[in-house]
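One structure is given below, encoded as structure tokens.
None of these values were measured; they are calculated from a predicted model. In what follows, every heavy atom counts, from backbone to side chain, and hydrogens, waters and symmetry copies are set aside.
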Amino acid sequence: MDTLLFCFANDRDHPLLSLRDEDDGIDRLLDLRSSKGHFQKVRDSFATTSSMADKLATYQNTLSLFHFSGHAGSTVLQLEDTVARGAGIAQLLGRCPNLKLVFLNGCSTLQHIKLLAAQNVKAAIIATSTPIEDKAASEFALTFYQALANQYSIEASLEQAQLKLQVSESTTIQVMNRAMVDMEETEVSRNLWYFHKPSDEAARWELPTTAEQTAVEYKPNSALRNALFNALIKYEPSLREKFMQVSKQSESQILWVNDAILSRLPYPIAEPVRRLFTPPFTPEGKKMPIRSDRERLLNYTALFESAVDLLVITLLAQVIDRLIHYRKDGVEPPLTAETRALLQRLLTEGWSNLNPGEVEQALKSLSAFLSSSQEVLFMPEMQELARQFNEKEGFYKCFLFFDDLRRRLNSPAGVANIPSVCQVGEDQLVELCKRMGFWANYQLESYKNIRVVRFFYRPEEYKHEKAVLRTTQNPYEDKSFQEINLSNPWASQSVLLVKVQRETATGVPETADFLNLSPLLIDQNVYIKSNVFDPYSFHSSGEGAVRFKHIARPEDPLLSVLFKPNETEVLQKQDFTTLREQFSTVMTLLALPDPLAATPNEPIAEATDTNIDLLSLSD
């Protein structure tokens, strides 16, 4: 197994904070990968001449990455106890046959490249030519290792680090080949890094994955299925006993577990999971192995985006619901100017393009408004997710990875090593899914066409047409609307997030509470004559239209609903009147211009923009 050695020349008695942050940060960034057995991570937070020499000798045959951070000079490294000779360190590194990267994150370490070249070190080397500010050096290293952990190559990781630091600091990276090693140093600018690239192959090196280091074959979905099922068991313990009663045949168990997972997750979460679980078929109908390809990576990001989308929609819907109550009570809502501006941005630009920091701030602001209104979170599990955001762990780390992967897939360069990214991505998806079991407490229901039944001797009854979801395992099953008797008049033509109590005496889920998600999440079937649950989530609004993204097929063109109906809508027998009224109400609550009062100048074109171990089961 490859060894990654990190040596920090910090002082035990008077530690440098930026160096400690870099040490802790890199350790956290690589922790998931090392815990999965992709490599072993060795950390020396207070490196001395003796501890560094011992570790270089101990891991000589497996060392693939050596990182030093601390004070340095042109031919020396300042360690905690004394100064180490750069030539001596170079000799030890020259004996490491598997060495791929040397990162000398100290001041003026350029001359060490010559010392390493003299020992025939063929690894890529990152060094500096001038004194580097401590904060800049730390941020540069953290961004570099974040990219490396996300399965970027060395060269691509350097580019990511430069782009991040370039926002606040003038940052340059000078690429050197072997012929340039003997050239005299001429650059004297601040924050200048040198990248010695002995070969294109060296620059393309990526962190190893388990598949590359062991004979164990990577099995797509095995760990993912295991994580989801055990996460659901926490909220429905009887699943464990039900699983024990299933046939021991591998294929039967897989189908049963898949169905158990999909039937307990709300549609926006279940649908991308179903796409991950469903193998491709030949034209003759023969099942094919699941491939590690770009489409699978797109399904990873679709699941991530749906999870974040549903969280934002739920919190935003509760804020809107609270504003409606303030309006009914004739009370001025405690909206700060910042929160009002945030709501305006979310309801015009949407949130799909927000970076992790912006999403975090949006969730905090919306939660703060509900707290100031003495409103209990409809989804209390958000408190734990918020804690993980604040402490930059768990859910937040997954967020960073998938946000980065989404941008890579949309960039012209794309993803270079797709199979290895698929494996790393699935590990991150497993961490995400471990935190998604609470979705078993919620389900989506779609309603239309309320009927009121009156009797002179008893209270009114409301009959609703409830859209029935077709089961994801049997797409040919045809079910129409069900008429449901309910005691209170839920909003017509709306999608509701319903809390359910799954474990009951009869085994039938009982309705506990609900939150109206419209017009942020809609079901197109309630506006047309259809009985298929066809959900869309809010994307953006403006220029005379409100736009929605198809949840099952996010790559489809956006559904664009004009504020003023056109002939096409009439011909297709669509009636979005309720949707327009709902969106108009939301904008009015925020004291924003009523979109129904505005007429677009020209037609708007559609946008184009104790666990059970299931790992032994293979698809």
Gln388 side-chain N/O to Phe395 backbone N/O, donor-acceptor pair under 3.5 Å: yes
Candidate pair Leu517 and Leu515, rule side-chain contact (heavy atoms from CB on, under 4.5 Å), full reasoning: CA-CA 6 Å; Leu517 300 186; Leu515 178 67; 4.0 Å; yes
Contact check, side chains of Leu496 and Leu444, non-hydrogen atoms, under 4.5 Å: no
pair Met244-Glu241: side-chain heavy atoms closer than 4.5 Å: no
Plane angle bin for His67 and Phe103 - parallel if under 30°, tilted between 30 and 60°, otherwise perpendicular: perpendicular
Point-to-point distance, once rounded to the nearest 0.5 Å, from CG of Leu19 to CG of Asn10: 4.0 Å
CZ (Arg291) with more than 12 external heavy atoms under 6.0 Å: no
Ion pair check, Glu159 and Lys164, cut-off under 4.0 Å: no
Closest approach of Leu4 to Ser64 (non-hydrogen atoms, all atoms of both residues): CD1-OG, 3.6 Å
Ser45 and Asp23: side chain donor to acceptor below 3.5 Å: yes
Pair Thr3-Gln40, side-chain donor/acceptor within less than 3.5 Å: yes
Flag side-chain contact, heavy atom, 4.5 Å: Ile418 against Val421: no
Separation between NZ of Lys55 and CG of Asp44, rounded to the nearest 0.5 Å: 4.0 Å
Minimal non-hydrogen separation, Pro380 against Phe378, with atom names: CD-O, 3.2 Å
Pairwise distance NE2(His38) to CG(Asp427) - rounded to 0.5 angstrom: 4.5 Å
CA sep, side-chain torsions, deciding dist, call: Leu520, Val586, side-chain contact (heavy atoms from CB on, under 4.5 Å): CA-CA 10 Å; Leu520 304 175; Val586 171; over 6 Å; no
Please set out all donor-acceptor pairs under 3.5 angstrom arising from side-chain atoms of residues 369-377, sequence neighbours excluded.
from   : atom 1 : to     : atom 2 : distance (Å)
Ser372 : OG     : Ala368 : O      : 3.4
Ser372 : OG     : Phe369 : O      : 2.7
Ser373 : OG     : Tyr326 : OH     : 3.0
Ser373 : OG     : Phe369 : O      : 3.0
Gln374 : NE2    : Ser372 : O      : 3.3

N-O pairing of Glu236 and Lys242 below 4.0 Å: yes
Between Asn258 and Arg225: side-chain donor-acceptor atoms closer than 3.5 Å: yes
Verdict with supporting geometry, Asp513 and Lys499, salt bridge (charged side-chain N to carboxylate O under 4.0 Å, His left out): CA-CA 5 Å; Asp513 195 6; Lys499 285 184 179 180; 5.0 Å; no
Derivation and outcome, salt bridge (charged side-chain N to carboxylate O under 4.0 Å, His left out), residues Glu139 and Lys135: CA-CA 6 Å; Glu139 184 175 353; Lys135 184 178 179 181; over 6 Å; no
Audit row: Leu343, Ile320, side-chain contact (heavy atoms from CB on, under 4.5 Å) steps and yes/no: CA-CA 10 Å; Leu343 289 169; Ile320 293 172; over 6 Å; no
Note, Phe243 side chain near Val257 side chain (heavy atom, < 4.5 Å): yes
side-chain contact (heavy atoms from CB on, under 4.5 Å) partner of Phe144, chosen from Leu165, Ile26, Asn105, Ile126: Ile126
Donor-acceptor contact below 3.5 Å, side chain Ser420 vs main chain Asn417: yes
For Lys100 against Ile154, the heavy-atom pair lying closest together: O-CD1, 3.9 Å
Under-4.0 Å salt bridge between Lys41 and Asp2: no
Glu426/Arg296 ion pair, N-O < 4.0 Å: yes
Heavy-atom donor-acceptor pair, Thr282 side chain to Lys286 backbone, under 3.5 Å: yes
Residues, nucleotides or ligands: over 12 heavy atoms within 6.0 Å of Asn353 CG: no
Distance-only side-chain donor-acceptor flag, Ser153 / Arg204, under 3.5 Å: no
Chi angles and distances behind the salt bridge (charged side-chain N to carboxylate O under 4.0 Å, His left out) call for Glu431, Arg435: CA-CA 7 Å; Glu431 294 302 309; Arg435 296 161 174 84; 3.6 Å; yes
Check against salt bridge (charged side-chain N to carboxylate O under 4.0 Å, His left out), Arg553 and Glu271: CA-CA 9 Å; Arg553 299 185 302 276; Glu271 178 57 20; over 6 Å; no
Distance-minimising heavy-atom pair for Val495 and Ile522: CG2-C, 3.7 Å
For Tyr152, all residues meeting ring-ring contact (aromatic ring centres under 6.0 Å, His included), sequence neighbours excluded: none
Least distance between heavy atoms, Leu142 atom then Leu29 atom: O-CD1, 3.4 Å
Test: Asp24 and Arg28 ion pair at under 4.0 Å: no
Spatial distance of atom CG (Leu228) from atom CG (Leu224) [nearest 0.5 Å]: 5.0 Å
Under 3.5 Å side-chain donor-acceptor pair for Arg274 and Asn299: no
Exceeds 12 heavy-atom contacts within 6.0 angstrom, atom CD of Glu295: no
Sidechain-backbone polar pair: Arg33 side chain, Ala149 backbone, donor-acceptor under 3.5 Å: yes
Rounded distance [0.5 Å steps], CD in Glu555 versus CG in Leu298: 8.5 Å
Rounded distance (nearest 0.5 Å) linking atom CD of Glu22 with atom CZ of Phe140: 11.0 Å
Residue pair Glu445 / Gln443, side-chain donor-acceptor N/O under 3.5 Å: yes
Min side-chain heavy-atom separation Trp439-Arg264 under 4.5 Å: no
Aromatic plane relationship, Phe402 with Tyr300 - under 30° parallel, 30 to 60° tilted, over 60° perpendicular: perpendicular
I'd like a table of donor-acceptor pairs (distance under 3.5 Å, sequence neighbours excluded) in which one partner is a side-chain atom from residues 303-313, with atom names and distances.
from   : atom 1 : to     : atom 2 : distance (Å)
Glu305 : OE2    : Arg406 : NH1    : 3.4
Ser306 : OG     : Pro268 : O      : 3.1
Ser306 : OG     : Ala302 : O      : 3.2
Asp309 : OD1    : Trp351 : NE1    : 2.6
Asp309 : OD2    : Ser537 : OG     : 2.8

Validation row: Glu381, Leu385 side chains within 4.5 angstrom (heavy atoms): no
Aromatic ring pairing Phe6/Tyr145, orientation class (parallel under 30°, perpendicular over 60°, tilted between): perpendicular
Minimum heavy-atom distance between Arg408 and Asn150, given as atom pair plus value: NH1-O, 2.7 Å
